[in-house]
Amino acid sequence: MDRVSKMVSEKPVVIFSKSSCCMSHTIRSLFCDFGVNPMVYELDEISRGREVEQALSRLGCNPTVPAVFIGGEFVGGANEIMSLHLKRSLKPMLKRAGALWV
């Protein structure tokens, strides 16, 4: 858990992903389209990725990818991010976290 806490504090937006997950790619693309440069950790490519995935599961991330943290706080997976986007709540959240300036 401490490792995950340290990882999510490094940038305003952190996405835990797997390189083979199409939903992870979709969420990453959404943020990039906004002009956000998220820190993306590909759990199937980083050392101790399985350990991080287990920690995410203990935090309530189900499924474990994509897991999106904004401003150091767990926001959710693909469904939650898309729901926030459709409600027009995602961009204000990104601005408050310092990930968007416009």
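Keep in mind that this is a model prediction, so the values were computed, not measured. Numbers for residues simply follow the sequence, beginning at 1.
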Side chain to side chain donor-acceptor pair (under 3.5 Å) between Glu42 and Ser19, intermediate numbers included: CA-CA 6 Å; Glu42 299 287 358; Ser19 59; 4.9 Å; no

Do other residues, nucleotides or ligands put more than 12 heavy atoms under 6.0 Å from the CD atom of Glu45? yes

For Met7 against Val14, the heavy-atom pair lying closest together: O-CG2, 3.7 Å

Between Gln54 (side chain only) and Glu51 (backbone N and O only), is there a donor and an acceptor less than 3.5 Å apart? no

Name all pairs fulfilling the ring pair (Phe, Tyr, Trp, His ring centres under 6.0 Å) condition that reach into residues 43-69, sequence neighbours left out, sorted by first residue then second. Phe16-Phe69, Phe69-Phe74

Give the other cluster members for Phe31, using side-chain heavy-atom distances under 4.5 Å between Ile, Leu, Val, Met, Phe, Trp and Tyr residues; answer none if it is isolated. Val13, Ile15, Ile27, Leu30, Phe34, Val36, Val40, Val68, Ile70, Val75, Ile81, Met82, Leu84, Leu90, Met93, Leu94, Leu100

Taking all atoms of both residues into account, what is the closest heavy-atom pair of Ala78 and Pro66, and its distance? N-CG, 3.8 Å

Looking only at heavy atoms, what is the nearest atom pair of Asp44 and Ser20, with distance? OD2-N, 4.1 Å

Do you know the tightest heavy-atom contact between Pro12 and Gly98? CG-O, 4.0 Å

Report the C-alpha distance between His25 and Ser29 in whole Å, list the side-chain angles of each, state the deciding distance to 0.1 Å, and finish with yes or no for side chain to side chain contact (heavy atoms under 4.5 Å, CB included). CA-CA 6 Å; His25 176 76; Ser29 295; 3.6 Å; yes

Which value, rounded to the nearest 0.5 Å, describes the distance between Arg28 atom CZ and Cys21 atom SG? 12.5 Å

Side chain of Ser9, backbone of Lys6: donor and acceptor closer than 3.5 Å? yes

Return the CD1 to NZ distance between Ile46 and Lys18, rounded to the nearest 0.5 Å. 11.0 Å

